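Right, one structure below, let's go through it.
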Number of protein chains: 2
Amino acid sequence: MKFSKATDYALHTMLFLTAATPDKPVGVQLLAEKQKVSPTYLSKILTKLVKAGMIESITGVNGGYRLKRNWGDISFLDIIHAIEGSASLFDCSFDHGPDCPIQRVVLAAEEKMEEHLRNKKMSDLVQEMNIVF
Amino acid sequence: MKFSKATDYALHTMLFLTAATPDKPVGVQLLAEKQKVSPTYLSKILTKLVKAGMIESITGVNGGYRLKRNWGDISFLDIIHAIEGSASLFDCSFDHGPDCPIQRVVLAAEEKMEEHLRNKKMSDLVQEMNIVF
DNA sequence: GTTATTATAGATAAATAAAATCCTTAATTA
DNA sequence: TAATTAAGGATTTTATTTATCTATAATAAC
Ligand code: SF4
Ligand code: SF4
């Protein structure tokens, strides 16, 4: 069980855009270079973020991606869900009802993690970004 | 990101053994039947649990698997780690040091989940097991 | 309007990982 | 000795993730 690289790229891109000039769009070319990943692949990932309403894309010369106005509200969990979907980490093959102790424990554990990720917004990162990139 | 089926099988087997007669070993044949999984595959998974010291195997006629004496202490996390390994859910490709906000947030979130899984012992399940299986 | 630039989208390929099977060996009991 | 059962190695199958290729659409600059 691992977070996918796609999630990794999405988080990094969001972090990068958070640090960038808010109104000037950044092209996928540059974003991809920074992360040593192919532009086309990254582009697919960013399109998901666009669809999820976290960033917007400007096509044409000097286009690229930039954060939307609401960027401060976006949580880590939002980003992860936008990329990996929001299905549970655990789905049992039979489902003997909600009384099952396995389900209860694992789902509660997952909820603990999600709670933390939900409470961490992109805006929380602003101050903390000194060294990175 | 999903828990693997192997983990699923391991958890179910532990639950089953917890419910079973403590001293009489249960064969992989029966355990596999219950879970609709191939005996050989399940066997590989259970060997990991044996290596991790959670269950013991008795070979030969009337052999099988049974819990070890310490079974009450075993946590969900122990089982998951025995099967999936205990590497972090997130490993970044560059590592810009411990100040990185992405790492900090994601690893802390993971720790929240693990904490919950660590605190849930097999013995906590004993009372809760009515309907299942 | 034409050209250059940039994102979107679909199809497909390559790489990796997970799940399952097959077959052989070793241990134990009856 | 024969039957039973787990362990282990090698391999195959299946699924998922990652990446590439190519074509289309939108926009800005000239
Ligand atoms: S025992 Fe629990 S986890 Fe397993 S199949 Fe039944 S409901 Fe699902
Ligand atoms: S920015 Fe953080 S998560 Fe990304 S590579 Fe650097 S240390 Fe790792």
Side-chain angles (χ1 to χ4, degrees), chain A residues 1-13 17 23-33 35-68 80 82-85 87 89-93, chain B residues 1-13 17 23-33 35-68 80 82-85 87 89-93:
Chain A
M1 190 170 63
K2 283 266 173 211
F3 285 105
S4 69
K5 284 197 183 186
T7 294
D8 186 289
Y9 299 144
L11 289 172
H12 281 81
T13 300
L17 292 180
D23 41 332
K24 202 167 150 33
V26 183
V28 76
Q29 195 63 43
L30 176 61
L31 292 165
E33 233 168 64
Q35 307 183 49
K36 313 262 189 245
V37 59
S38 101
T40 15
Y41 185 43
L42 184 59
S43 155
K44 285 206 185 317
I45 293 163
L46 297 191
T47 299
K48 286 190 183 178
L49 297 183
V50 171
K51 293 238 164 88
M54 296 173 190
I55 59 179
E56 55 191 357
S57 64
I58 296 94
T59 170
V61 179
N62 296 321
Y65 299 89
R66 78 158 88 95
L67 295 174
K68 292 203 90 166
I80 294 170
I83 304 301
E84 311 212 342
L89 299 189
F90 182 80
D91 39 23
C92 62
S93 7
Chain B
M1 192 172 59
K2 282 267 174 211
F3 285 104
S4 69
K5 285 196 183 187
T7 294
D8 186 289
Y9 298 145
L11 289 172
H12 281 80
T13 300
L17 291 180
D23 40 333
K24 204 167 146 41
V26 183
V28 75
Q29 195 63 45
L30 177 60
L31 292 164
E33 232 168 64
Q35 305 183 51
K36 312 263 188 244
V37 59
S38 100
T40 13
Y41 186 41
L42 185 58
S43 156
K44 286 205 185 318
I45 294 163
L46 297 192
T47 299
K48 286 190 182 176
L49 297 183
V50 171
K51 294 239 164 85
M54 295 173 189
I55 58 179
E56 55 191 355
S57 64
I58 296 96
T59 170
V61 180
N62 295 321
Y65 299 89
R66 78 157 89 95
L67 296 173
K68 293 202 90 167
I80 293 170
I83 303 301
E84 311 212 344
L89 298 188
F90 181 81
D91 38 25
C92 61
S93 6

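These values consider heavy atoms only, across backbone and side chains, with no hydrogens, waters or symmetry-generated copies. From a predicted model like this one, the values you see are computed outputs, not experimental measurements.
Qualifying salt bridge (Lys or Arg N to Asp or Glu O under 4.0 Å) partners for A:Lys5, counting only residues two or more places apart in sequence or in other chains: none. Remark: A:Ala6 pairs with A:Ser4, A:Tyr41, A:Ile45, A:Ile83 by the side chain to side chain contact (heavy atoms under 4.5 Å, CB included) rule, at least two apart or across chains. Partners of B:Lys2 according to the salt bridge (Lys or Arg N to Asp or Glu O under 4.0 Å) rule, which considers only residues two or more places apart in sequence or in another chain, are A:Asp91.
Among the protein residues, A:Tyr9 comes within range of the sugar-phosphate backbone only, with heavy atoms under 4.0 Å from sugar or phosphate atoms but none that close to a base. Base engagement by A:Thr40 is indicated by at least one non-hydrogen atom pair under 4.0 Å involving a base atom. In this structure, A:Lys51 reaches the sugar-phosphate backbone alone: every heavy-atom distance under 4.0 Å involves primed, P, OP1 or OP2 atoms, never a base.
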Base versus backbone protein contacts along nucleotides 23-30 of chain D [heavy-atom cut-off under 4.0 Å; B, S, -]: ---BBBS-

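Between B:Asp8 and B:Phe3 there is no side-chain heavy-atom pair separated by less than 4.5 Å. Two residues are said to be in side-chain contact when any heavy atoms from C-beta on lie closer than 4.5 Å; B:Ser43 and B:Tyr65 meet this criterion.
One can place CG of B:Leu30 at 16 Å from P of D:dT4, the figure rounded to the nearest angstrom. As rounded to whole Å, 12 Å separates atom P of D:dT20 from atom CG of A:Leu42. Here D:dT4 presents its P atom at 18 Å from OH of B:Tyr65, a figure rounded to the nearest Å. Rounded to a whole Å, the CG atom of B:Leu17 is 14 Å from the C1' atom of D:dA6. A straight line from CZ of A:Phe3 to C1' of D:dT18 spans 18 Å, rounded to a whole angstrom.
For A:Ile55 against A:Leu46, the heavy-atom pair with the smallest separation is CD1-O, 3.8 Å. Listed here is the closest heavy atom pair of B:Gly53 and B:Lys68: O-CD, 3.1 Å.
Taking every nucleotide of DNA chain C with any atom under 4.0 Å from a non-hydrogen atom of chain B, the first and last of them, 5' to 3', are C:dA19 to C:dT29.
Expressed to the nearest 0.5 Å, how far CG of B:Leu17 lies from CG of B:Leu49 amounts to 9.0 Å. Here the CD1 atom belonging to B:Ile80 is positioned 8.5 Å from the CZ atom belonging to A:Phe90, to the nearest 0.5 angstrom. Between A:Ser93 atom OG and B:Gln35 atom CD the span is 8.0 Å, to the nearest 0.5 Å.
Within the structure, salt bridge (Lys or Arg N to Asp or Glu O under 4.0 Å) contacts touching residues 40-53 of chain A (residues at least two apart or in different chains) do not occur. Sorted by first then second residue, the side chain to side chain donor-acceptor pair (under 3.5 Å) pairs that include residues 53-63 of chain A, not counting sequence neighbours, are A:Glu56-A:Arg66, A:Glu56-A:Arg69.
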Collect all protein-nucleotide pairs involving nucleotides 10-17 of chain D in which both atoms are nitrogen or oxygen and the distance is under 3.5 Å.
none

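For the helix from C:dG1-D:dC30 to C:dA30-D:dT1, the terminal axes (five pairs an end, C1' atoms, rotation from four pairs onto the next four) enclose an angle of 10°, given to 10 degrees.
Counting only distance, with no hydrogens or angles, the side chain of A:Glu84 and the backbone of B:Met1 share a donor-acceptor pair below 3.5 Å.
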Listing, residues 25-33 of chain B side-chain donor-acceptor contacts under 3.5 Å, not counting sequence neighbours, or none:
none

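The side chain of A:Lys2 contributes no N or O atom lying less than 4.0 Å from OP1 or OP2 of D:dT18.
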